[in-house]
Undergrad: 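Please see the structure below; I have some questions.
We name chains A, B, ... by the order of the sequence lines, and we start the count at 1 in each one.
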Amino acid sequence: MTSPTPVLDVNDLAISYGDRIAVKGISFAAMPGKTIALIGESGSGKSTIAKAVIRLLPPSARIDRGSITLNGQSLLAASSRTLNTIRGRQIGFVPQDPGSSLDPRIPIGRQVGEILRLHTSEGRRERHDHVLALLEKVGLPDPGRCFSQFPHELSGGMKQRVLIAIAVALAPDLIIADEPTSALDATIQRQILDLLDSLREENGCSVLMITHDLAIARDRAHDVVVMQHGTAAERGLSDSLFSAPHSPYTRRLLRDSPAFHPRTPPVRKVAPAQVPALEVSNLTITHRTHGGRTSPTVRNVSFTVQPGTTHGIIGESGSGKTTILRCLMGLISPISGSVQIHGADAFGGRPGERGPFRSMQLVYQNPWSSLDPRLTVRRIIEEPLRNHFDENRSWRLQRIHTLLERVHLKPDILERYPSDISGGQCQRVALARALAAEPDILVLDEFVSALDVTVQARILELLTELQNDLGLTFVFVSHDLAVVRQISDTLSIIRHGQQEEYGRAESIFSNPASDYTRTLLQTIL
Amino acid sequence: MNVSHFPERRGLAGHFLVQVGRALLILWGAFTLTFTLLQMMPGDAVMIRFMDPELGLSSEQIKTMRVLYSGSSNPVFQYFHTLWQVLHGNFGYSVQLGVPVGKLLSTALPVTLRLAGVGFLLSLVWTLAVAVGASLLPMRALRQAVHALPGLWSAIPLYWSGILIIQVLSFRLHLLPVVGVGTWKGMLLPGLTVSLPVAAPQAKLLLQKIEETERLPFVMASRTRGASRVSVFFRHILPNSVIPSLTMAGLSLGELIAGAIVTETVFGLNGLGQMTRDAVSGQDVAVLQAVVLIGAAGFVGANLAVDLLIPLIDPTLRMAHRIGGGKSGS
């Protein structure tokens, strides 16, 4: 049997943005019926390659050398008119963020129909039937209803199915999937990847998958290219690459990835204190809609966190975990149940009174947007010091330096702005700012979700260190079971506003009680 | 103008009723406010017109005149009387000219409405032309030049651009005469003049919104399916960008009706602007009252039209009452 000709052949491709070289001579080939994954951390150049293949790089990017060949035709030499006939027809593209990749003001049916209108001569009636067939094919429950719905009426998973329907509409030879599931919940992720796999097998097309998720690459790809700083650190068949990685970078990635290298938190012997740091009992929170109706978003949630331990709250989007968190911070009041902070009733005082909440600090999810872009790092950390302590400037500066040391940042970062520093550094600054108020409970909302695995691992190490040194209590809210597993002593699993499971982390992992927990666990194994 | 408060459970008809009711309330407020202010003004039109010693009227006779013109000397009674009359389309008599205000309006209002209409339409044309030019012209330098146009327009004062337009188009190029032309053709030059400063903020807003929309993932997603730049612009970028400029356009239309005075002076048109000027100098209360009401009606009507139009353009607002039942899972 002769080896089949590749669908896509990329040879010695080099791309730069001005002076910055983003891709330095990458070569790979995508075979029919196979999935090839480009994996790497942010800035490794993997998305740039995806955009180069479909020839939609931003104007600031320049292709310096190399070739991109699709079915024997050079894409770099093609005119823009030719490219418009290739895009959609020969290359299907599944974008990263289903939430914003559909035009909000056009019904689903017409958006799927757009690709047929562009490339086929189908009439209105024909197109309508074709769209319905496509929606059915990607497993949407009610294609007829979906046809006339608008994007905001669909869940993230359904939107991604619609986008896949568009990508496969004309049975292209190549499907580029740019982080197709990174914006989706773990249980939905599986379904979407299964769908992509089955369509690939059915059409015999080739899939070029761009992902930062090593587990997805291992499970779904036949060939893997590991990207680092615009070069291929390693390439090979998925099976051999993950079982015996050669390059030090691949090994480090695997070591830092919680799915490959599960670390359980150091077993701590925390004697139950007289007074728990945080005690939540029968918390029920309702949400008032515009019509004046109330519907409970969180029902009967109870948990206790001992001082110096970490409680993980796990839930998918819409599960109510953010509502619980807002209540813990005193931003909304529960309709029943209580929150006790160090034994004091948090909602006992007059409304608006911070009281017991003073010992808690919240650290947000997105590294860049939670810091004011117009303030230097020094002023960001200084702000809570001004608000909480009536001391002079030299005292504050000294405190800032101590706090920086605590989060392992060098003083030269002080006069820089959030936009000039990395995501990991931003999270360290956010931690320093939270610590400035001298809290003993930190509430961390999806704290490491936006970070690359290697950075994530360092931040989690820092959290453990801070906890041990300062005796801090953490409430760690996340959708990512693999991450939560590494640092939590106790766990709550929230679904539809209710506690599916609560208990010590190791017992939940070794012996899950509910089906939902079992499904969740499967997604990380 | 707060579209985010689109009622959740009332539906389109309810939305319509609320908007219309709000508009009527604003008009009534405008009437009451002007009535009160005009009452508080020292002196009145009767005094200005008949106190002239040459007329030789006694103070007794003037008093009778005053009662004759304003109906009553009791301000509360006068208020309800005037309101009732206005509701029936009767704006009273002009003291200065001795003719019904309605009659004055019937000649002045069409002129102003025509001017405002032509100016408004032209401003929409400029706005759209700038948006298309700045996004789709072939060369980067050309696109940038078009991009800079609205800033230039807004910097030119109305009276100057008006005179310039007459100079160039009529006196030099003889394209259009200024006087002695048909009712609509005669509106082209003044319309052109008022359209530029009105188009400037609209165009700036549209350009800004287009830049934002261009960066959204669904625009790129459409390109990956083989849609050309032009097709993506008209199908996805433009429709998702027009709403802020439409809101702005609503405000401008009101301004065109209420603020036509400069253009009317420059082009010698006998519209509302002229009427307002004469009424102010003569303290002609009935005329002023009518002018303010018409100005308010212009603003309110234009904004009402925009508010009702926006849900038609943005289905996410139109559908707002349909969600709430929650999304279905995948």
Side-chain angles (χ1 to χ4, degrees), chain A residues 51 54 56 59 80-81 83-89 91-107 111 114-115 117-119 139-142 145 149-161 163 166-167 169-170 176 184 188 191-192 289-293 318, chain B residues 4-11 14-15 135-136 138-140 143-144 212-243 310-330:
Chain A
K51 290 199 186 92
I54 200 152
L56 284 172
S80 63
R81 195 175 289 260
L83 285 172
N84 280 343
T85 62
I86 291 173
R87 294 181 193 127
R89 181 179 274 288
I91 306 176
F93 195 93
V94 181
Q96 176 165 14
D97 178 8
S100 52
S101 293
L102 289 166
D103 189 328
R105 33 163 300 287
I106 299 184
Q111 297 208 49
E114 185 186 27
I115 193 161
R117 188 180 52 77
L118 287 167
H119 296 284
L140 282 162
D142 187 352
R145 188 171 124 91
Q149 275 177 315
F150 285 90
H152 71 266
E153 297 176 277
L154 267 53
S155 69
M158 288 167 83
K159 276 183 246 190
Q160 195 59 295
R161 282 175 194 271
L163 288 160
I166 296 172
L170 301 168
I176 302 174
L184 300 173
I188 311 290
Q191 299 168 10
I192 293 293
T289 60
H290 273 279
R293 282 175 305 169
Chain B
S4 66
H5 283 273
F6 192 75
E8 206 173 333
R9 298 171 68 205
R10 261 184 243 120
H15 173 65
S135 306
L136 295 179
M139 271 181 300
R140 193 177 146 80
R143 289 199 296 271
Q144 277 173 340
E212 271 171 42
T213 311
E214 272 172 344
R215 282 196 287 268
L216 294 176
F218 66 80
V219 171
M220 161 87 172
S222 182
R223 292 296 316 273
T224 65
R225 288 161 212 157
S228 66
R229 264 180 58 202
V230 177
S231 157
V232 170
F233 179 78
F234 284 108
R235 279 179 183 272
H236 299 291
I237 299 177
L238 195 60
N240 276 293
S241 308
V242 291
I243 285 182
I310 282 172
L312 299 183
I313 293 177
D314 190 343
T316 52
L317 294 171
R318 183 164 73 227
M319 314 294 285
H321 61 282
R322 253 176 61 179
I323 48 171
K327 301 164 179 175
S328 32
S330 174

Undergrad: So, do Pro95(A) and Met220(B) sit near enough that their side-chain heavy atoms are less than 4.5 Å apart?
TA: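 They are not in contact (no side-chain heavy atoms under 4.5 Å apart), so the answer is no.
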Undergrad: What is the distance from atom CZ of Arg229(B) to atom CG of Asn84(A), rounded to the nearest 0.5 Å?
TA: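 Separation between the atoms: 11.0 Å.
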Undergrad: Show the nearest heavy-atom pair for residues Gly226(B) and His119(A), with the distance to one decimal.
TA: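 Closest approach of Gly226(B) to His119(A): CA-NE2, 4.0 Å.
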Undergrad: Quick one: which of Ile176(A), Asp97(A), Ile166(A) has the most heavy-atom pairs under 4.5 Å with chain B, could you say?
TA: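 Heavy-atom pairs under 4.5 Å are most numerous for Ile166(A).
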Undergrad: Against chain B, label Ile91(A) side chain, backbone, both or neither, depending on which of its atoms sit under 4.5 Å from a heavy atom there.
TA: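 It is the backbone, since no side chain atom gets that close.
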Undergrad: In Å and rounded to the nearest 0.5 Å, what is the CD1 to OG1 distance from Ile115(A) to Thr224(B)?
TA: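 Interatomic distance, Ile115(A) CD1 to Thr224(B) OG1, rounded to 0.5 Å: 7.5 Å.
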Undergrad: Using the side-chain contact (heavy atoms from CB on, under 4.5 Å) criterion, which residues pair with Pro217(B)? Sequence neighbours excluded.
TA: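 Pro217(B) satisfies side-chain contact (heavy atoms from CB on, under 4.5 Å) with Ser100(A), Ser101(A) only.
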Undergrad: Which bit of Arg81(A) comes within less than 4.5 Å of chain B, counting heavy atoms only: side chain, backbone, both or neither?
TA: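 Nothing of Arg81(A), per the 4.5 Å heavy-atom cut-off to chain B.
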Undergrad: Any idea which heavy atoms bring Arg223(B) and Leu56(A) closest together, and the distance?
TA: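 Reported closest heavy-atom pair: CB-CD1, 3.5 Å.
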Undergrad: Can you sort out the partners of Leu118(A) under side-chain contact (heavy atoms from CB on, under 4.5 Å), two or more places apart, ordered by chain and number?
TA: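 Expected list: Glu114(A), Ala227(B).
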Undergrad: Enter the distance from Leu102(A):CG to Leu216(B):CG here, rounded to the nearest 0.5 Å.
TA: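 One finds 12.0 Å between CG of Leu102(A) and CG of Leu216(B).
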Undergrad: At a 4.5 Å cut-off on heavy atoms, which part of Arg235(B) comes close to chain A: side chain, backbone, both, or neither?
TA: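 Both backbone and side chain.
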